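Note: hydrogens, waters and symmetry copies are ignored here, and every other heavy atom, side chains too, is used. For clarity, every value in this text was computed on a predicted model and none was experimentally measured. Residue numbers begin at 1 in each chain, while the letters A, B, ... track the order of the sequences.
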Amino acid sequence: MTSEQTWLQQKLQAVDRQAFQNDLQSWYMENHRDLPWRQTKDPYRVWVSEIMLQQTRVDTVIPYYENFMKKFPTMEVLAEAPEDEVLKAWEGLGYYSRVRNLQEAVQEVVANYKAEVPKDRKVFRKLKGVGPYTSGAVISIAFDQEEPAVDGNVMRVFSRICNIDEDIGKEKTKQLFEQVQAQFLEGAKPSIFNQAIMELGALICTPKSPGCLLCPVQNHCLARAEGKEEDLPVKSKKKAPSKKTLSVAVVQDDAGRVLLRKRPDQGLLAGMWEFPHVESSSENLMNDASSMLLKDHDVSAEIVGEIQYVEHTFTHLIWKMHVHRATVREAPVPSETEVWVTLDEAALYALPVSQQKILRHLKGE
DNA sequence: GAACCGTGGGC
DNA sequence: TGCCCAAGGTT
């Protein structure tokens, strides 16, 4: 046995896992929220909910989930749907590759697995967008298999219960917590237990000001016993986002229509629509917008001036957008990645929030 | 392993 | 205001 395993065994021996299971699962049965995706064990629905919930709050997800399941009630429907329609249903949720990966994965399930979600975790794990957490979550929740599913909640709860101060930002630490959760799962009801840990993390064992006095497992918590619950989990700080100055062009033709373009299908905001823009130094905004329009869109436009300044912050990036109005007499014939649309029609395209800010400003003028 | 990939809420 | 945070995955 390695020293690391010995260390882990000592941590685990300090907690009565049997009693922990009973207390946690009983609490969950009495107190869990009645969320839309908990009204079913349909693995497709559980899958969709898990993808939506990645790095996203429950309250944000609920309306998206309801709408998405109405539009794409089965894997067959989602597999056949146009990608633009799928992206539109995700508009505003962020991390858009999630839904493009989901559709691709569903298409594979329909084509190669008789439209049935694989019950083998390792098989399911191979699908696009299905990682270590999502594979364990769907398999344990929908099929009631004893599989760990380590997310932020699980690491927070178990770091406190077992008094573990490893940095939860490290990959190695996530694997450590998979072992911890696997130990706690033995003899449990996997679907109930895994959801209960996450529910506890969401409602009681919160990042700040945890509600220890209401906690059903407070008597099992090593961090609580030492008054260290506020100091765990340990998480290293993220680096500050970098900044980009963008020159944006709202080009309007004589008919009042504006030019939108589709972003490439890789990278930031992949497949979403936007007003044409180019990275620019703050001194050459007008010139840079003008030459971008000519080079990328064959548009010879007169830039009138700046009509709006917007900042938009992503996780790792800040866009400082200088928005200019430009006019053309006659719009050129658009390519596949370009459209000329009225401001009302623009709302039918999947636009990231940064572009919605611009559109709203234009409509308000 | 570290960087990339969105957004909105809470303090 | 600025920062942290939220049921992660891919490259």
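- Side-chain atoms of A:Thr134 and base atoms of C:dG9 include no donor and acceptor less than 3.5 Å apart.
- Within 3.5 Å, a donor on the side chain of A:Tyr95 pairs with an acceptor on the base of B:dG6, or the reverse.
- Rounded to whole angstrom, the span from the CG atom of A:Asp59 across to the C1' atom of C:dC5 amounts to 14 Å.
- As rounded to whole Å, 11 Å separates atom C1' of B:dG6 from atom CG of A:Leu317.
- Judged purely by distance below 3.5 Å, without hydrogens or angles, the side chains of A:Asp23 and A:His220 pair a donor atom with an acceptor atom.
- At a threshold of 4.0 angstrom between heavy atoms, the contacts of A:Gly92 are confined to the sugar-phosphate backbone, with no base atom among them.
- For B:dG8 and C:dG9, the P atoms lie 22 Å apart once the distance is rounded to whole Å.
- The interatomic distance linking A:Lys235 (NZ) with C:dG8 (P) rounds to 10 Å, in whole Å.
- Judged purely by distance below 3.5 Å, without hydrogens or angles, the side chains of A:Glu306 and A:His322 pair a donor atom with an acceptor atom.
- Within the 4.0 angstrom heavy-atom criterion, no nucleotide atom of any strand lies near A:Thr60.
- Of the residues in residues 172-184 of chain A, none has a non-hydrogen atom less than 4.0 angstrom from any atom of DNA chain B.
- A parallel orientation is assigned to the rings of A:Phe193 and A:Phe184, their planes being inclined by less than 30° (bins at 30° and 60°).
- In this structure, A:Glu85 does not pair ionically with A:Lys88, as no charged nitrogen and carboxylate oxygen lie closer than 4.0 Å.
- One interatomic measurement links the two molecules: CE of A:Met198 to C1' of C:dC5, which rounds to 18 Å at whole-angstrom precision.
- A:Trp37 comes within contact range of at least one nucleobase, with a heavy-atom separation under 4.0 Å.
- Within 4.0 Å of A:Arg263, counting heavy atoms only, lies no atom of the nucleic acid at all.
- Comparing atom distances between the A:Leu269 side chain and each of C:dG9, B:dG6, B:dG9 picks out B:dG6 as nearest.
- Going from atom CD1 of A:Ile168 over to atom P of B:dA2 covers 15 Å, rounded to whole Å.
- Look at CD1 on A:Ile51: it is 15 Å from C1' on B:dG6, rounded to the nearest Å.
- Distance check on atom P: B:dA3 versus C:dC4 gives 16 Å, rounded to whole Å.
- Ion pairing between a basic and an acidic side chain is recognised when a charged N comes within 4.0 Å of a carboxylate O; A:Lys262 and A:Asp84 show such pairing.
- Closest-nucleotide positions on DNA chain C for A:Val130 and A:Thr206 were compared, and the one nearer the 5' end corresponds to A:Thr206.
- At a cut-off of 3.5 Å, with distance as the only test, no side-chain donor of A:Asn287 or A:Ser290 sits close to an acceptor on the other residue.
- Rounded to whole angstrom, the span from the CD atom of A:Gln55 across to the P atom of C:dC4 amounts to 15 Å.
- Nucleotide C:dC4 holds its C1' atom 8 Å from the NZ atom of A:Lys238, rounded to whole Å.
- Nearest to the side-chain atoms of A:Phe314 among the listed nucleotides B:dG9, B:dT7, C:dT10 stands B:dT7.
- Within 4.0 Å of A:Arg100, counting heavy atoms only, lies no atom of the nucleic acid at all.
- Nearest-nucleotide assignment on DNA chain B puts the 5′-proximal partner with A:Lys239, out of A:Lys239 and A:Lys357.
- Listed candidates were B:dT7, C:dG8, C:dT10. Nearest to the side chain of A:Pro352 is B:dT7.
- Judged by distance alone, with hydrogens and angles left aside, A:Arg98 brings no side-chain donor or acceptor close enough to the base of B:dC5 to form a pair under 3.5 Å.
- Each of A:Asp151 and A:Asn101 has a nearest nucleotide on DNA chain C; the 5'-most of these lies closest to A:Asp151.
- Across B:dC4, C:dC5, B:dT7, the shortest atom-to-atom separation from the side chain of A:His316 is found for B:dC4.
- Taking the charged nitrogens against the carboxylate oxygens, A:Glu83 and A:Arg100 do have a contact shorter than 4.0 Å, which makes a salt bridge.
- Which of C:dC4, C:dG9, B:dG8 sits closest to the side chain of A:Gln54 comes down to C:dG9.
- In the hydrophobic clustering of ILVMFWY residues, with side-chain heavy atoms under 4.5 Å counting as a link, A:Tyr95 and A:Met52 come out apart.
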Go through the steps to decide whether A:Phe72 and A:Phe68 satisfy the test ring pair (Phe, Tyr, Trp, His ring centres under 6.0 Å), and finish with yes or no.
CA-CA 6 Å; A:Phe72 314 109; A:Phe68 196 91; 4.8 Å; yes
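- Nearest-nucleotide assignment on DNA chain B puts the 5′-proximal partner with A:Glu171, out of A:Leu268 and A:Glu171.
- Note on A:His312: a side-chain N or O is less than 4.0 Å away from OP1 or OP2 of B:dT7.
- A:Leu35 comes within contact range of at least one nucleobase, with a heavy-atom separation under 4.0 Å.
- Distances from the side chain of A:Lys208 to the nucleotides C:dC5, B:dT7, B:dA2 place C:dC5 closest.
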